[in-house]
Every structure is written in C-alpha cells, then in structure tokens.
Amino acid sequence: MPFIPHTDSEIRSMLDTIGVDSIEAVFDEIPDNLRCGKLEGVPEGLTEYEVTRLLHERAADDQALRCFAGAGAYDHHIPAAVWEITTRGEYYSAYTPYQAEASQGTLQLIYEYQSMMASLTGMDISNASLYDGASAMAEAVLMAVRGNRKSKSRKLLVAGTVNPTYCKVTNAIVHNQNISWDEVPFDNASGTTVTAALEAHAGEDYAALVIQQPNFFGSLEAVDEMTNWAHANGMLVVAVVNPMSLAALKAPGQWGEKGADIACGEGQPLGVPMSSGGPYYGFMCCKQPLARQMPGRIVGRTVDLDGNPGFALTLQAREQHIRRSKATSNICTNQGLCVTASTIYMSLLGPEGLARVAGASHSNINKLLTALDAVDGVSLAHAGPHFHEALITLSKPAAVVIEQMANLGFLAGVAVSDDYPQYENALLVCTTETKNDADIAAYAAALDEVLNGEAL
Amino acid sequence: MPFIPHTDSEIRSMLDTIGVDSIEAVFDEIPDNLRCGKLEGVPEGLTEYEVTRLLHERAADDQALRCFAGAGAYDHHIPAAVWEITTRGEYYSAYTPYQAEASQGTLQLIYEYQSMMASLTGMDISNASLYDGASAMAEAVLMAVRGNRKSKSRKLLVAGTVNPTYCKVTNAIVHNQNISWDEVPFDNASGTTVTAALEAHAGEDYAALVIQQPNFFGSLEAVDEMTNWAHANGMLVVAVVNPMSLAALKAPGQWGEKGADIACGEGQPLGVPMSSGGPYYGFMCCKQPLARQMPGRIVGRTVDLDGNPGFALTLQAREQHIRRSKATSNICTNQGLCVTASTIYMSLLGPEGLARVAGASHSNINKLLTALDAVDGVSLAHAGPHFHEALITLSKPAAVVIEQMANLGFLAGVAVSDDYPQYENALLVCTTETKNDADIAAYAAALDEVLNGEAL
Amino acid sequence: MDSVKMEKVIFEHSVAGRRATVQSPVAPADFSDLPQALLREDKPMLPETSELQVVRHYTRLSQKNFSIDTQFYPLGSCTMKYNPRACNTLAMLPNFLGRHPLAPASHSQGFLACMHDLQEILQDVTGMKGVSLTPMAGAQGEFAGVAMIMAYHRKRGDMERNEIIVPDAAHGTNPATAVMCGCVVKEIPTNPEGDVDIEALKAVVGPKTAGIMLTNPSTVGVFERKIEEISKIVHEAGGMLYYDGANLNAILGKVRPGDMGFDVIHMNLHKTFSTPHGGGGPGSGAVGVSERLLPFMPIPHVKQEGDSYRYVTEAECPDSIGRLSGWAGNAGVNLRAYIYARLLGREGMHRVAEFAALNANYLQARLSAEGFDLAYPGRRASHEFIVTLKRQAKDIGLTATDIAKRLLDKGFHAPTIYFPLLVPECLLIEPTETEAKEDLDAFVEAMVEILREAEADIEQAKGAPYTQPVRRLDDVKAARELDVVWSN
Amino acid sequence: MDSVKMEKVIFEHSVAGRRATVQSPVAPADFSDLPQALLREDKPMLPETSELQVVRHYTRLSQKNFSIDTQFYPLGSCTMKYNPRACNTLAMLPNFLGRHPLAPASHSQGFLACMHDLQEILQDVTGMKGVSLTPMAGAQGEFAGVAMIMAYHRKRGDMERNEIIVPDAAHGTNPATAVMCGCVVKEIPTNPEGDVDIEALKAVVGPKTAGIMLTNPSTVGVFERKIEEISKIVHEAGGMLYYDGANLNAILGKVRPGDMGFDVIHMNLHKTFSTPHGGGGPGSGAVGVSERLLPFMPIPHVKQEGDSYRYVTEAECPDSIGRLSGWAGNAGVNLRAYIYARLLGREGMHRVAEFAALNANYLQARLSAEGFDLAYPGRRASHEFIVTLKRQAKDIGLTATDIAKRLLDKGFHAPTIYFPLLVPECLLIEPTETEAKEDLDAFVEAMVEILREAEADIEQAKGAPYTQPVRRLDDVKAARELDVVWSN
Ligand SMILES: Cc1ncc(COP(=O)(O)O)c(C=O)c1O
Ligand SMILES: Cc1ncc(COP(=O)(O)O)c(C=O)c1O
C-alpha cells in the first residue's frame, strides 16, 4: 500500500480500539447511494521505478530549446546551492509557520526576504509573497482602490505597455468588484508612454496609475514624470517591476518626487526556474501608510519570554483567517518555497552579482539587436534603450518562425499579435546572462536561415 | 575570488596581525628557486553557469544506453529519497566521525548499516566499508592469511569463476606481500566449480579458499560442499557475494556446516548509481574470532557520562592512525557516503522489497534467455540456473556486437575474451528489475538485427 | 551552557565587497547607454557574503523548522502527509525546469501530456466534467469557483443573485473569496452535532442566492449527512453548490463531490495530492466543474487532439472567467501531484481516505478514552476531529495554546488551534494516512503527559516551549512595534 | 524538560509486514527454479518500515552531525573547506549516474573528456609527467606510489631495496602503506623546529633505501626548508621521493612537488580539490608520477587520440602496477574534483594556498597573542599549525580532549587532536581558505573563553560537551563490551 504503513494486525487492533469491525464502518455516516465506484479513469498504480521511467520519457519529449523568450519568464542561471537547500525537507515539507517557535527557520528567512525586497524596491514594507506577478498586479489594483483616501473611484489608468497577460489576469480578478481601467496608449516609435497621452486624463478621478518598468516591450518608461503626474492628479502609483532590473534601475520608491506607492511584480527572475510557468511568486511592497492594506502574510521580529529576539507572523488582522469577509484578500497559501529559493539566490548574488547579471542581460540584447541588424527581413520595432527585451518585426509570420526556429533548437521569442494586432509579424525577444556571443551569432544565423534560407 | 570570502580591507588587517605586509611573505620559508610559475596547463576559471553548461554538454555526449551489462556494476532502481537525503550537507560535508558527540548521525547510521550487513551475510561483525568490491577481496585475502591460525601458507585457492577483475586487483595489492594463489578450474558445461577440481588440492596448505556466489558467469556454486571441503582442509573460506542476491540466497555465514569465515563484496547494487564505476563501496563481514583482524572502521554502541546510549568508533587499535606499521590495513578514508545511501536504500526496501528486486532480476534473466533462444547465432554457454547474469556466445565478434548494439541504444553486455580466451565471441548479459518485457523483446530484436540483419 | 541557538540575520554576515564570484558574470555591469535619470543610485541592501556563508546560514536556519520530514505534524485541515521524494526529484528533471511557459506545443508534448492526464484523473476522482489546473492555491480555486457561479448566473441574464451562503465553521478563505467575487456573505450556523442547520439554510435561500460554499466533511471534521437535502434546497432556490476541497483527503475514493450534487469544486493538491507545502506554499487549487459550468472554466487547460496535446486558446473559450495566473498556474506543483497520482493509482486513491479515517478515528477513540473531550462526541471522525479544552481551560487554566506549545517540547508539531472558531479552545487534529500507529500512540502519550503535568503545575505549560530555538513569542509586541525589515 | 534527543535505532521502527511498496516490483519473488539448498531460509534483519519513517529517521539523524555546511570545522590535515554545491548537482546529472563503467568509449566521450582534462590539470599543478585517477583515497594513492617505486627498483633488477623512510610525524597511513607494499619502515625523528633531522636521515639511507615518504609542508604544519637537500641525499642513495599530497592545499600554485624533486605524489582530491568527505569518504587519491615512473602507473587512465578519448588497455601498459579498483576509481568523486578545478581555474588555484596560509597564519598569530603555546613558535604556519596544551594540562589539567569537547558546545568542530603524536596535547588547526575572518575571530574568542572557564573551574571542561545529542562517550566500554550489531 503506497505510503501507508499499516500492517494487518495493526489495522485489526486499531479497529478494536475504535469499536468497529471494518474500515468501511467508519464511513457509515455517508449515505450508501453516494458511495463511489471504481474510479476507472484513474490508471493502475505504478512503482516508483515505473513512474521514474515514464517521467524521464516525458521530459525527453520536451526538447530543450535555447531560450530567447522572456515576456515575464526569464532564463537566468540559478546557482546549484539554491535548490539543493530549498528542497531540504525542513523547508520543503513544513506548513505555514503558524507555530512560530517551531518555525524560526522559515520565519527568519521570510524576514530576511522582506528586508531584501523592501530595499530592492525602495519601499518600507514587503509581504511574504503572493501567487505570481500577474495576480500580484491584481492585488495591487485592489489595494490601491482600497488605499487611496483621496479617490472614491473604482477606475484606474493602466499604461498600454503593461504586460497584456497581467492585464487579463487583473481584469479576471478585479472586474468582479466593478473595478475597471482606461488604457493609456503608447508611442509607436519609442514603445513607451508619452506625457501627452497621460495629459488627456488630467483632472479625472482615478484611484491609481499602473506603470511597468521595464515595460512589456523591454523599453524604459519615464517613470519620474509619470509618477509625479499621477500624484499631482490624486492617484496612487502602482509600479510593476522586474526585480532583477532593480539592481540597475531606479527603485520604485524613488520614482519622481514621492516615489511609487506600491511595487509589485514577478519574483521568478530571482532564482526560480522557468518550469512551464510556475510555481513562481508575486512580490509586493508598499510605503508605510498602506501597510495595513497589504494582502498576504508578513513576518515581524519580536522577543520571546526570555527577551531573546525571534520571529512571528504579524499584522494577521488583515488576513482572511482572522477577518474573514473583511480581509484584505482571500490569499492563504502563498508561494513560500519559491521565496526561500529567491532569498538564497539574492544572498548568493549580492548587490554586485545581481548588477552583473542584469548588466550581462542588458548588454546581450544590444549585441543581439546588432547581430539581427544584419539579417534581412528583421527590423526593430522600437528605438532603444532596451533593458533586456525588444520587439522585432519579421518578414514572415511569427508563428511560422517560432516553429521553424524551434526545429533548429531555439525558442525564438514570443508572438504578440493576439494582444497587439498592429504588430502582426513581430517577436518579442529576450536575452539574459545565460547567452554568450556564440549563442547570439547562432540565433542570428538560424533566423537568417528561417527568413531567407532556401529549403526549410 | 571563487569561494574566498576575504575583502581587501580584511586582508590588510589580517596581514597586520600576522606582522607581514603581503600574503607572499607568509611563504618566505619556501626557497625562491622552487616557486612555481603560472600553471599554463590549467584553463581560466569559469563561472558556475559556464561550468553548468559545459557539464550538461558533456553529459549529453554520453548517450544513455539501456543497460544489459553487469559484471559487477548493476542497473537497479534507486529510490529518489536515497540520494536526496544522502546529499544533505550534514552527511555530505562532514568528516570521519572522530568527534563522536558531534557525529552521532553518521555514527548511528553506520551502526545500523553494520547490523544490516551482518544479518544479510549471516556474519557476526561488519566494518564500516572498504573502497570497493575488488579491493575488499584483496583485504579479505590479506585478512585470511593473517587470521588463519592453522596455516602458515601465503598461498590461497581461488575459484576460477571469481570475477577476473577482482582477481587482478587482488593480485596488484597482495603480491607485494608475496601472497599468491592457485586457480581452481571450472566446469565448462555448468560454468561452476566441481568438487573434483578441488580434490586435486586436498591436503595442501592454503590459507583460504575464495568462492564467489553467484559466480562471475551468474551461475550458482555448490557453496556448502566447497565450504565444508575447505574447512576440512584447514582453510578459511572467503565468500565474495552480491549483497542483493542475499535477499534470496543462503547467507555465507550459513554455508556448509560452519559457514564462511569472511564475506565481502561490492555494495553498489544496494542503492549506489553505476556512475562510471564509482564511488561504490566494499563491504566486509566476518565471524567473531576474526574481529580484531578486520581492516577498516567499526562503530560501537556505548554510553555517555549520563549513562545514555551513544555511538563511537571502536576497536581503533587495529587501524593505521593508532597502530601505524602494524595496522590491519592502511585504509583511512573509506566510502562513507555510499554506505549512507545503502543504509537508506536497505531501509526503504526492507527484506521483502529486496527479495522482490532480486526476484525480478532473476526472473528477467530467464525471460531474456528464452527470448534469445529464438535468435539465430546466439547460444547459452552454461546450463542454468542463473541468478541474473549469463554468458551467451554469438556468431559475430563481441566487440562488434557491442558497438552496433550501442548504436541501437543498448549496452549489450560485457565481452569476456580478454580473461577467458575460450569464450571468444561471448557476452556476459545481465538483467535487473529495471527491465520489463518490452525491453527484453526489444533487446532480442536488436540483437537479431545485429547478428542476422542485412544492412548495419 | 547552551550552544548559541540564535542564528544571526544574514545581513549581519555581510561585509562590503565580499561576494560569491562564480555566481555572476565576470564582466562588471555597464548601463551607461541607459538614461542616467532612470538608474539606481544607492546599493540595494542585499547581503555581501561568500557562498559558504550562505549555504551554512540557510542550512542552519532550516534546522529550526519542524516539518513532516522530521516530525509528526497533525495540523488539522492541512493534511500534512508524506510528500514522496520522487515527486520532487522527477519534477525537477532539467527539461521540465528549463521549459519556458511559451515553448511551442510541438516541443512540449511531454509536459502537456502530464497535465492532460492529471486533469483526467482529478475529473474522475471528483466526479466532475472538466478540470482546470490553473488556480495557484485553494483560495484561488475558490475564487475561480465562485467567479464561475457568478458568470453562469450572469450569462443566463440573472443579474440579481449575489449572495453566497457560508456556514459559520467555514474556513476564512470562503467568505473572503465571496467578497472578492463581489458577493454578499450570508453566514449560517452549525448545529450541535456539527451539521449545517437546515432550518437556518432554508431561511436564508432565495432569489438572491448565488450559491453555497461547503466542505464535506466540514471543518469540524464530520460528514454532512444531509448533503442531499442541502443540495436540493439550494438547487431549488436556483443557487449552486461549491465544494471546498481542502478536506478531499477524507473521502477520496469513497464519495465524489460530483455525486453529492456539487457544481464546482476546488482541490488543494498540496493537501490531498501530497505536494509539499513548502513552509507556506506554493500549492495548487485545481478546479473541477459540472457540465453546466464547463464553458466558464478558467484558462488555460489542456486538450487532447489525436495523439497530441495543446492548451485551449482564449478564442475557443469566450465565456471563460479568464486567466488567473500569468501562464498556467503552478505547473511544477501540478507535476508533483501527477506523479503522486500515478504512484497511488486507482487502488491507492481508495486507500487514502480509508487510512486517513482509520488513523483519525483511532486517535479520537484513544484521546477520548484518556479523558479528552471531543467537540462532537457521537460522531465518526472524518480524516480529522476536534478536541476541546474548554473544561481544562476553566478548571486548571490549560488552553489550546499551552498544549500546542508544550507538544513542541515533546517533539510533535501542534494540531491546528482556535479553528474553527465556533468550538472553544479547540484542537483540530489530523493525523493523515501516512503515519504509523506507533506514532499516533506516542502522540496520545504526550497529550496525556501534558495534561498530567498541567494538573500538577500549570506554570510549566504556560512557559512552554522550552526546547525550541526561542521561548514563547510576544505576538502583541510584534504587531504593535512593527519590525518587518532589517536595518543596520 | 528537554525534547527527546535520542533517536531510536531504525530497527525499533520496524514492524513485521510493513513496507514501502512503491520501491519494489509488484510481483512477489519466485526462486523456485533455484536449488532449494542454495536458498536463504531466514529473513535478513532489514527494517520493515514505511517510506516516511525512513525519510524522517535519516533526516533527523543527519541533524546530529556537525559538517562544513553547518559549522566551522578546522580539523587539521583534513582540509575541511567549502564543497561547492554545483559539483554535486552536476556530477549527479542522470547521464553521468547512469553510465555503466563498461559502456563503450564511443558512447562515453563526455565522461572520458572530463577525466582526461582532470588528469592534465593535476599534472600541471603538481609538476608531474603523468596522472592516474584510479586510487580511491589517499591511502590507496600512497599504496600506488610505493608500489610504483618498488616496481621501478625491481624492473631495474634492484631486488634489495625494501626500506621506506618515514618521519615520526608522518600520518599513520604512510608506515601502514609501506608494510602493505612489503617494505620495512625506517622511522626518523623530527627536529625541534619541525624539520626532518637531516643527520638521522643520512644515517639511515643506504643501498636498501627504496624511498622516503614525506609531506611538505609536513604534518606539523611547517614547510620543510631543506627539501632540496633531502631530495639530494635520498636520490644519491638510489631512493625515490614520495609526496603525501594530503597537504597540497598549503602550496597549490606556490610550489610544485615535481619541482621539489618528488618522483611520485598522491593527491587527496577530497581535501585539496574540495570533494566532500561524506562523513568518512569516498575520497580520491589520484597519483602523479615523474618521467621515470610513467610505465608503472596504475591503470586505467585516459588517453586522448585526436578528438577522442579512451582508456588505455592493460596490454599497452605491461609494466603497470595494475588495477587498484574494479573499474577506474571513484569516478563520481573525480568528476566533482574536475568541476571544482574548472570553477577555480588557473588564478583560483594560486589563491587556494595563499588564503589557506593567510587564514592559518592569522589564526596562529591571534591564538598566540591570546596566550596559547605554539608547538613551533618561530615558524610560519602553512595551511595549518599546532597549538600545544602541555602547559595547561600540567597547570590546570586542561587536555586537548577537553578543549575539543568544549568547542562543540560553542558551536565549533574541534581541531585534530593528538596528531601528530610527537607533540603533547596538541591541537592541529586548519581553517582553510574558505572561512571568513569573522569566523576565525569567533573561534579565537571561543578558545579564550574555554581557557578562562577552565581556569575558574576545570570540571566544566571535563564534563563537556553539554549541548550535543550525547554527553562525553565511554570509548573504553565501546571497545571492551563490543556492541557493533543491533539485536532485538
Ligand atoms: C478548509 C479550507 N479551505 C480552504 C483553504 C485554503 O486553501 P489555500 O491555503 O490553499 O489557499 C484551506 C487551507 O488552509 C482550508 O483548510
Ligand atoms: C597527512 C595525511 N596523509 C594521508 C592521509 C590519508 O588519506 P585518506 O584518508 O584519503 O586515505 C591523510 C588523511 O587523513 C593525511 O592527513
């Protein structure tokens, strides 16, 4: 019996203690007519060896591609130590640290994580994680609507350069509470938001302006101006940021004169594998005045009976298990193990290491764009600067190019035409520090072959 | 500086404390003319990412083959838990448990290991491991020569069916001490030792008889008779055994009337990956009277100052760090981590699980031989019974078959002609529980193709 | 005399200029081509440490946790059962980890096949008609479920239904979810036997009823015997039944939510399907739906076409409640659940509930015999049950917290305490099917010992724990003097 | 008040009939076709436990170890430096683990290339002309080395040379190895400064001298300054120089054994090349040889031919001392060493000795300043150095054992004690290059604290440790009342 330790004689003795004569008897409160059948849809059990073999075969079916795609999931190197430690049983198989005294490992780690994220984003407080970057934006929108004392509006402004998937997820979540937004169109030449587009909304009542930096196209927004404009118009500013980029880019807390109010985003670049899209984690940080509006868990440092320092979950009165229908969110289980990995990752990289990873990712996109400049049928959609992504337009349909590039061993990038019909044959390409000059040359050669080759 | 934590200012302050002004100065006792140059033969350092990529590429070069080879290294399933726990830092990065109080984890585990091995082999005592099966046989031979009070001989009898590589290793080690042996020829029909061959040596003075069970060909020796014969002739009996087989086969301690005196062998089948041949571990067990002749570490159970039970290295007076030139062996570092894996493996399998693994390995060889029976150009060298290996003779040179089978994705077996010229075109094939009926059929089909196909 | 139990905060190991050089590119970063105004001026406060320091720090910290791998962990409602190590090892095969979520289906058949097979398995064990693996934890599964119910009503043009009925014993995520979906929560009481108060239910249903959120067995650990009647009442009122699958472990292979009349269910794969809880997550809150709700399922989900698999597109699901995650949910967690499901297989599924219930009922019988009061004495335990310390709290001052902390000293994780809120001084105890009888017996012994100790000297329990890295912590100070970020 | 520190023996968790069913084939074993007389009748005493019980037991046991990953571990002569985690992760890639040792070279180019490159690197850093990776630990490397020396003499027809000279400070493996090679050991004293007594050496060399086994820096932690003279004396007498590479970490990139005149060297890759020591092994004792000894190297080793790699065959090496392992030594350990070498690279190699020496000399200076007596006060420390407690043992009864045990309470592993034997009450302290200054300082502080405590009350030190899973253990009882196998 997989994972069940009971022997026959133990079962008998336990039944005796209960005072029944079969295991079936303990289910006697379930109406007979409801009892279920054989579960024919579930295959027979396999041994661990059989499952191992099956999964190795399945994994082999997923041919590894050299990854030039980003769009929210990034192919960074993860130090071996990160997951060797993260998957230690004591982290891996513990529950949420409700019993603080028996969970100081996880609690202290989260406290350290909060400290790192608050510093990276230039904010006062961080929570212990949300599900992922997309849903973190939804929570940030809800929080902004709750938290903006100056505005009664259930509307927001969202820059048109925010990851379209994040917008969809946000909509799926917040529209239930009658929250909606207006999109700020971006400039086609630069791929960024221009002040004129914002000015069109001056004086209107919005709860917040949502800005992504670097934006979906990998371009850099004029975050200082946008932040100042939003604040001047009574809005809060929600910053959606790539935490890796914050080793180089101005922290949201320093945007404009007063800084963004909420920073959120996808934690994946910090030590979490791409893994088909999850588990990742959403991070969220905010300025002090919004602290009690924050969704999710928060760990605080306190003292024990002997006066020694220790860590515990705190501000729980925001959470569903205490506040129920009045909670700041329904989130309960978060993405703790990914946070564990990220904390170890950030510790291993440190400020200089993180800057170098960001730096190599950035210089590689410039190298790639230079290499692609020489390829017929490729042009750059937006003038720079780019952080580590850029949109290129192609002489063939993106879907075809992606498929053919895959056959050559490359994940060529991400097609965006579903969300931006104006970019029909375009690919969003991305480089990280894991690409070297040879990879970039090979990519350009392959793309040349696909676009301009004879027989494919 | 990889793995070096020192900052410039720390280095300066440390040099100040030492009272020198450069690191070079602490090497001032080394004569200048000896100082070495640039190490041009060592490549530039790589980052972890670069090394990761290199090693993934190298690993991909070693195409995985479906393994039908054995000959001392066996392709068994290893439960995932085994190495996930074994590589925990506390096991992985500890030294030999000299400070017993700070090493109770490793020490208790070894005590458990010793108990399991002693029971599997039917012996009184086990050590904590030797290097590998081959060198364990060498140590057993030395031990037998030391330990046989009835014999002054530096000669042994070794069955001709003992793994020829083990014999080579043993010879490389023991010939330095003028120890040698006579080989007992085996019967060509059965592939086993027959009593007549032993009788030829009756009355001669040998320190011990070495028997392998199952023997190198996978056949089963008449161990009871051989043991009784050796004892009757004043010899000790050294049993070289596959520990996996002991889930099914009679334990050496029960061979004949008095049982073998020393049991040793290769621990790899018990949870250690094939891994190009190492690290594996040699096990060694013996009867009580030989205990103080045992090489290697031994853990004992004792009590602490409070009278609580605890574990510590014991009988250290046999070892080189105490006895120096009079030690039972020069072994110091052994194969502890592999023993850790094996102990966890044996615990996960238990007596019934181990028997089933042995059982499936065994029944698969019968299935394979049946399937090969239908293949032209294949015949069985020795009549059964076979444990999980057998020698088959082929209509083409073994080396060619191995190469062609490899191109079809199979490791076909092991050629033996270097050691047994009489078996020119023969392959020693092996099955474990990791082969299913489809694998066996595929192997037979591939071999048919190689031996009888048109174009290859 | 004690070794230093305190572990410095990682920043205390930090020295300016120190770093693990092999972990980043050799070349220093150069952002000079970016506008100066957009660049960061300060150095973020990340630790400057060596690789060894980091490994040592986080290895040592880990040892300060209780976990299933090290302790019996009978945390009610959380199903802390063994997380098979193979699930982790196999889910972390390089090709699985390295797959970008947008890799083309043509090069992702292995992963997609696993997800498809898992959908089918979950569909069968819950008795539903479709499954989406997208929700990232139980609460998001609840969200998906209630959002689907609302979408269904709206699609039919029924714009008024906005009330979600929730029993008072429900988990906090239930009412919180309802509110996130724009609904109004109607709470109904639990009767003294632990069942829903049918009369109260009848009183609250009506034309505004969107649905009811239930878990069965409920959070008080007993099977809701009148489930069919409840189903009838709610359905006749035009509402739908939502099943909170956090307790699915109790009935896996015994009774299926679909057969009980539920229209939608979320599963906590990190409970019933044994994916690790990771010290707080990630989980996976897969949802299953009845025929009527199929069009509303969150995207994406995997579809089989002939021999191949692909995600359904947005265009194919115009009525979907949409996307709840950036990609397809917690794929790696779902992979672990899939591996677990294949290891268990059909027969194993049936055994889960059997042995979870056997263990719970055994523990309930033993604790009751030892003098502990059960909250619902006449009832069968499901996979869990409640002990109430109301009497001991009154008589000797022994609270649920005290017993919880003292259990830590005895080497056991505490049960869930003070949930559900309606039972005073409650311990919600869930042993799970993977624990051996001897460990249950040892737990009973510890409970009895604690009671005896407390009867002799209550201060000992009040001061507990004594053997952990810290003594009992001051939660009030934690909230009042907020220290949530390290500063040097 | 303490939580149960004792962990049952695994057999105490065993219950007849319990098992982890997914770990073995479904079908019961059937050996009925084998002769009954050859089959086992009794059931071997292996634990009958569940998977969770095994995981929990061995996870908990692991927590009872000190290790580099959790503690500073200045165990002299053992080079307990950081074992980079990448070395483990990469050496355990499925294709490496799954390679049968006899897989054809055509399908093994990746592995063979790694082994070949490692041979080249080791050759260069030691200044030798050939390297074989076959020996499985230092002692087997010593064996290979002495056996090669003997083979060399014999091949030349010199049948008399059978004496191996060994300084009294040498590691026990040196004399034990010499005896295993059929040699006679000639011990020579160490002078008060820690160098070889040259006069004693001169007195002992002669026509029977096969060779001398040295390590430089020696086991007393100082560099043998007269190495060239020693080399001359031994070589002129017709003997060969063997280098015990256990201390290679002290000189890596600074001076090469080959350049010092050594004819053969073994390396402890589990020390200098940072492969893990695994709680006792496995290690790897690669040997390097000079031109003269090339024909005698143990087989196999890897040869490059054009773009491809293969093992040399026995037939190609008629003079080889032969095989020392079933296959090719501890391949997986060598793989880890290779990865480490590539991470360090040329520059990193040079830094190893520099920072190992910086740390050792710093610690030596600080401890000396705090009043601890150095065994060789006038000398530079190499990568390690010796403190002697002779004075404290006499004055207050504080022994090396006491300080070692008390250090455990302070959270530090103890240095090596009572080795080398010639220094009374000695602590051989090797911090390694991977430890940070702050940890060295903390160690000094602990040492000083222990001394102060002992001056005030020696009983505290005598009773140590207090914070470990057990108090000080009775070694005498362990040896007298031998309990080495569990019995119920
Ligand atoms: C009864 C019940 N419902 C819902 C949930 C919420 O699940 P999750 O934590 O995965 O969001 C839980 C988990 O704590 C629960 O116990
Ligand atoms: C100086 C010295 N020589 C030889 C050895 C033996 O090496 P191994 O333990 O790898 O056999 C050691 C290791 O303890 C040592 O310190």
Side-chain angles (χ1 to χ4, degrees), chain A residues 5 10 14 18 23 29 34 36 41-42 44-45 55 58-59 61-62 89-90 92-96 101-102 104-106 115 118-120 131 134 172 176 273 275-279 300-302 304-305 310 312 314 320-321 324-325 327 330 333-337 347 350-351 353 355-356 359-360, chain C residues 19 24-25 29 43-48 54 61-62 64-69 90 93 95 97 99 101 109-110 124 136-137 139 172 175-177 181-182 185 223 255-256 276-283 322 326-327 330-332 345-346 361-362 436-437 468-471 473 478 483 485-486:
Chain A
E10 286 174 334
M14 293 170 79
I18 300 169
I23 294 185
E29 294 187 358
L34 292 180
C36 76
V42 182
E44 291 283 331
L55 268 285
R58 292 266 170 96
D61 283 347
D62 293 355
E90 299 94 320
Y92 186 78
S93 76
Y95 203 77
T96 301
E101 297 84 358
Q104 289 294 297
T106 288
S115 306
S119 173
L120 260 186
Y131 301 130
N176 295 282
S275 184
S276 292
R301 200 156 171 266
T302 181
D304 73 1
L305 276 182
T314 193
Q320 46 70 32
H321 64 285
R324 303 179 69 83
S325 63
N330 69 340
T333 290
N334 60 25
Q335 307 280 119
L337 203 66
S347 301
R356 288 186 185 207
Chain C
R19 65 195 194 87
S24 55
K43 184 162 83 170
M45 184 187 67
L46 301 180
E48 301 185 62
V54 173
L61 271 194
S62 78
K64 298 188 168 203
N65 276 356
F66 275 33
S67 65
I68 313 171
D69 278 9
L90 295 174
L93 287 173
N95 274 10
L97 292 187
R99 185 179 171 270
Q109 289 298 301
D124 193 37
M136 291 175 285
T177 296
C181 289
V185 175
F223 190 84
V255 45
R256 307 192 305 172
H277 204 275
W327 317 101
N330 283 338
R346 189 182 304 156
N361 280 283
Y362 173 73
K437 175 175 181 294
Q468 299 305 306
V470 291
R471 299 278 309 278
L473 290 161
D483 173 1
V485 164
W486 174 260

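Just so we're on the same page: letters track the sequence lines, and every chain starts at 1. What's counted below: heavy atoms across the whole structure, side chains too, no hydrogens, waters or symmetry copies.
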In terms of heavy-atom pairs under 4.5 Å, which option from [options] contacts chain A the most?
options: N65(C), N95(C), D69(C); result: N65(C)
options: P175(C), A478(C), A139(C), G279(C); result: G279(C)
options: G182(C), P282(C), A436(C); result: P282(C)
options: G345(C), P44(C), G278(C), G283(C); result: G278(C)
options: A29(C), S24(C), G110(C), A137(C); result: G110(C)

**Request:** Just jot down the side chain to side chain contact (heavy atoms under 4.5 Å, CB included) partners of A118(A), sequence neighbours excluded, or say none.
**Result:**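 Listed in chain order: V485(C).
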
**Request:** Would you mind reporting whether L46(C) and S119(A) have side-chain heavy atoms less than 4.5 Å apart?
**Result:**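 Side-chain contact under 4.5 Å: no.
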
**Prompt:** Going by heavy atoms in the side chains, are V470(C) and K64(C) under 4.5 Å from each other?
**Reply:**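 V470(C) vs K64(C): side chains apart.
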
Just give me the residue among [options] that pairs up with chain C most often, heavy atom to heavy atom, under 4.5 Å.
options: A312(A), A102(A), G41(A); answer: A102(A)
options: G359(A), G45(A), G105(A), S93(A); answer: S93(A)
options: D61(A), D62(A), T96(A); answer: D62(A)
options: S325(A), G353(A), A172(A), P273(A); answer: S325(A)
options: A355(A), G300(A), A360(A), G277(A); answer: G277(A)
options: G350(A), G310(A), A134(A); answer: G350(A)

**Contacting region of L305(A) [heavy-atom separation from chain C under 4.5 Å]** =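 Interface part for L305(A): both.
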
**Engaged part of T314(A) at the chain C interface, taking heavy atoms whose separation is under 4.5 Å** =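 For T314(A), the side chain is the part near chain C, not the backbone.
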
**Item:** Lys/Arg N to Asp/Glu carboxylate O, R19(C) vs E48(C), below 4.0 Å
**Value:**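 Looking at R19(C) and E48(C), the cut-off is not met.
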
Nearest heavy-atom neighbours spanning [X] and [Y]:
X: S62(C); Y: E90(A); result: O-CB, 3.1 Å
X: P279(A); Y: Q335(A); result: CB-NE2, 3.6 Å
X: P351(A); Y: K43(C); result: CB-CG, 3.6 Å

**Prompt:** Does the D304(A) side chain pair with the main chain of R471(C), one donor and one acceptor, at a distance under 3.5 Å?
**Reply:**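 Yes, the answer is positive, given that a donor and an acceptor are paired below the 3.5 Å cut-off.
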
**Asked** Between L97(C) and chain A, which part of the residue has a heavy atom less than 4.5 Å away: side chain, backbone, both or neither?
**Response**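 Both parts, heavy atoms under 4.5 Å.
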
**Message:** Run the ring pair (Phe, Tyr, Trp, His ring centres under 6.0 Å) test against Y95(A) and tell me which residues pass, sequence neighbours left out.
**Reply:**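 Checked Y95(A) against ring pair (Phe, Tyr, Trp, His ring centres under 6.0 Å); matches are H277(C).
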
